[in-house]
Undergrad: 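Below you will find the structure I want to go over with you.
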2 protein chains.
Amino acid sequence: MPKAYEVIADDLRRSIRAGERGPGDRLPSETDLARYYRRSVPTVQNALRLLSAEGLVDRRHGRGTFVRRPRTVAVRDNGRHQWEKDRARKAPAERAGTGATEHDTGLCQRDLVFHAQYREVSAPRDLADAFGVPVGTALLERTYRTHCATESAPFSLVTSYLVRDLIAANPALLDETNEPWPGGTQNQLYTVGVEVARVEERVTARPPAPEEARELDLPAGTPVLLLRKTSYDINDRVVDISDVTLPGDRTELLFTTPLERW
Amino acid sequence: MPKAYEVIADDLRRSIRAGERGPGDRLPSETDLARYYRRSVPTVQNALRLLSAEGLVDRRHGRGTFVRRPRTVAVRDNGRHQWEKDRARKAPAERAGTGATEHDTGLCQRDLVFHAQYREVSAPRDLADAFGVPVGTALLERTYRTHCATESAPFSLVTSYLVRDLIAANPALLDETNEPWPGGTQNQLYTVGVEVARVEERVTARPPAPEEARELDLPAGTPVLLLRKTSYDINDRVVDISDVTLPGDRTELLFTTPLERW
DNA sequence: GAGTGGTCTAGACCACTGT
DNA sequence: CAGTGGTCTAGACCACTCC
């Protein structure tokens, strides 16, 4: 037996996919849809909730239900790591463009609003294992919110971890007021004699936790991309672990893998 | 004013995060929760639906609502491309392990159920642009479903496109009954004189379409990872485009970026 | 103030699961 | 079979948006 709300959702979905309703169009009100389909309002709402979870429509309180338009995406390219490394040893003036974020987005530092917060924590189990240090080792936890100046919602939430003893040789690295640091993390590590030899990135996706949805201003149903970036130095030691939370609807990750020639 | 269903969801969420309810535990029935919180059943259901969309619980018809346990993940490593290339020129016996899927999963071909279907299509706009060919050019569309033999749901849906003229020199490549082809796509391309020089992968996440949720057996709220893989030959020509749909809760993508030494 | 989506109720019935 | 989640109703009231 076909469920009423699925019948309604199917019909609306079809009309959207067929282009009868274009991006940005407003759907009829819930009461109108209820009249049209001869169903109760909650049943219509079930259908709309389903379409919202599928990312097809956006329900906005007091305004209406709209066909969602594809978001403009920010591309995050793994070429950023080599790009940042190339700049890490340059003079401060040449590193003025901060880190790799500007490289990705094509924006300059003026267009970005940047918020950093440092905190000292003792290593929990998973981080200690990843760094290869004892549980409880002092870590520097650095959290970043990067906004586009023209938008309210940040496009990434980043938490980076460094082993405190590794960077303590340069006290400036412990002071959050030095952010944004010209040249990014790779330059920071360079000041304490560390050269990054390779970067590993692990990507998964999951639904956002409520606070993530709030901070990234995610519409209902939009997942987050979770990226754990691990940087290794030339001795294969883990020197930085960063957890990056990205809005799934505005982010594209680009990875290029060159292959050896025959 | 705090909304009733959010109050309930917050309380249940807290109890799950605090470990009072462990993975696999069953929550009280909806009517019991309604009695406990002194709310109507639909209100309790709103709360449970929210937690389900967050991926915290799994509601199973006729059985109950359970705290979701983290899925075991399949890792997809970009080292797979070099690995596959290294084998592409080997003798058939040495390529017996098929393509890169076995490399990723650590499973051998016996453990995998493999389903391939070939179809000839004419290039739509986006694919034509990506290949650098005119719209309408004949393409070979190959769709794959790969199951783990012990599970019913496939862990990836793959659609691969090749320019038909490029591979027509080897008619065996047009016949789906030759799948699974030992050595994978890179060996197939090798038989028509193509060497893959680099692979680009673009990753995004979004909620699953209904048929994707069905095919991958995704619980409500689980997003899919979408990966578009583009293979370039040594002349920078696009030789293969593959769209890969992966269940967000069971997949981890691993990308390693080596950096040049100072 | 008019119109929209959001929440909530009380109760009914159905569909699925396991005993 | 009893117990569970799933669907649905008819109507009420609230909160938000925009005129």
Side-chain angles (χ1 to χ4, degrees), chain A residues 1-13 16 21 24-68 152 210 213-214 217-222, chain B residues 1-13 16 21 24-68 152 210 213-214 217-222:
Chain A
M1 203 227 303
K3 285 168 251 172
Y5 78 99
E6 281 187 351
V7 171
I8 299 173
D10 286 349
D11 189 52
L12 293 172
R13 195 186 294 114
I16 292 170
R21 306 177 192 276
D25 284 2
R26 216 197 72 190
L27 270 56
S29 76
E30 297 181 348
T31 51
D32 283 353
L33 288 171
R35 258 196 297 274
Y36 176 75
Y37 289 109
R38 301 171 173 279
R39 293 293 174 176
S40 72
V41 167
T43 299
V44 167
Q45 287 174 322
N46 265 339
L48 293 178
R49 184 158 28 215
L50 185 59
L51 296 178
S52 173
E54 288 169 16
L56 279 181
V57 304
D58 205 1
R59 304 168 75 196
R60 282 189 279 178
H61 197 161
R63 298 192 51 193
T65 301
F66 301 84
V67 178
R68 198 180 285 180
S152 57
R214 207 184 47 248
D217 191 28
L218 296 175
T222 304
Chain B
M1 200 227 302
K3 285 167 253 173
Y5 78 99
E6 281 186 353
V7 171
I8 299 173
D10 286 348
D11 189 53
L12 292 173
R13 194 187 295 113
I16 291 170
R21 305 176 192 279
D25 283 2
R26 213 196 75 188
L27 269 57
S29 76
E30 297 181 348
T31 50
D32 283 352
L33 288 171
R35 257 196 297 275
Y36 177 75
Y37 289 109
R38 300 173 172 280
R39 293 292 173 175
S40 72
V41 167
T43 299
V44 167
Q45 288 175 321
N46 266 341
L48 294 178
R49 182 156 32 213
L50 185 59
L51 296 177
S52 173
E54 288 168 16
L56 278 181
V57 303
D58 206 0
R59 305 169 74 197
R60 284 189 278 176
H61 198 161
R63 299 191 51 194
T65 301
F66 300 84
V67 178
R68 197 180 285 180
S152 58
R214 207 185 46 250
D217 191 27
L218 295 175
T222 304

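So you know, we letter chains A, B, ... as the sequences are listed, proteins then strands, and number each from 1.
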Undergrad: Heavy atoms within less than 4.0 Å of DNA chain D: which residues of residues 26-44 of chain A have one? Give them sorted by number.
TA: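 Result for residues 26-44 of chain A: Arg39(A), Ser40(A), Pro42(A), Thr43(A), sorted by number.
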
Undergrad: Report yes if the side chains of Arg49(A) and Arg49(B) come closer than 4.5 Å at any heavy-atom pair, otherwise no.
TA: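 They are in contact (side-chain heavy atoms under 4.5 Å apart), so the answer is yes.
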
Undergrad: Where do Pro28(A) and Arg21(A) come nearest, in terms of heavy atoms and distance?
TA: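 Heavy-atom minimum between the residues: CD-NH1, 3.6 Å.
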
Undergrad: Under a 4.0 Å heavy-atom cut-off, which of residues 45-68 of chain B touch DNA chain C?
TA: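 The answer is His61(B), Gly62(B), Arg63(B).
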
Undergrad: Any side-chain heavy atom of Asp58(A) within less than 4.5 Å of one from Val67(A)?
TA: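 No. Closest side-chain heavy atoms not under 4.5 Å.
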
Undergrad: Taking all atoms of both residues into account, what is the closest heavy-atom pair of Ala47(B) and Ala9(B), and its distance?
TA: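 Taking Ala47(B) first and Ala9(B) second, the nearest heavy atoms are CB-N, 3.8 Å.
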
Undergrad: Taking all non-hydrogen atoms of both residues, which atom of Arg59(A) and which atom of Ser52(A) are closest, and how far apart?
TA: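 The answer is CD-CB, 4.1 Å.
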
Undergrad: Looking at side-chain heavy atoms only, is the closest gap between Asp32(A) and Tyr37(A) below 4.5 Å?
TA: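 No - every pair of side-chain heavy atoms lies 4.5 Å or more apart.
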
Undergrad: Of Asp25(B), Leu27(B), Leu51(B), which meets side-chain contact (heavy atoms from CB on, under 4.5 Å) against Thr65(B)?
TA: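 The residue from Asp25(B), Leu27(B), Leu51(B) that satisfies side-chain contact (heavy atoms from CB on, under 4.5 Å) with Thr65(B) turns out to be Leu27(B).
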
Undergrad: Would a 4.5 Å heavy-atom cut-off, applied to side chains only, mark Asn46(A) and Leu50(A) as touching?
TA: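 A side-chain contact under 4.5 Å is absent here.
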
Undergrad: Establish, with yes or no, whether the OP1 or OP2 oxygen of dC8(C) is under 4.0 angstrom from a side-chain nitrogen or oxygen of Tyr5(B).
TA: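 False: Tyr5(B) side-chain N/O out of range (4.0 Å or more) of dC8(C) OP1/OP2.
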
Undergrad: Rounding to an integer number of Å, can you tell me how far Lys3(B) NZ sits from dC14(D) C1'?
TA: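 Interatomic distance, NZ of Lys3(B) to C1' of dC14(D): 11 Å.
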
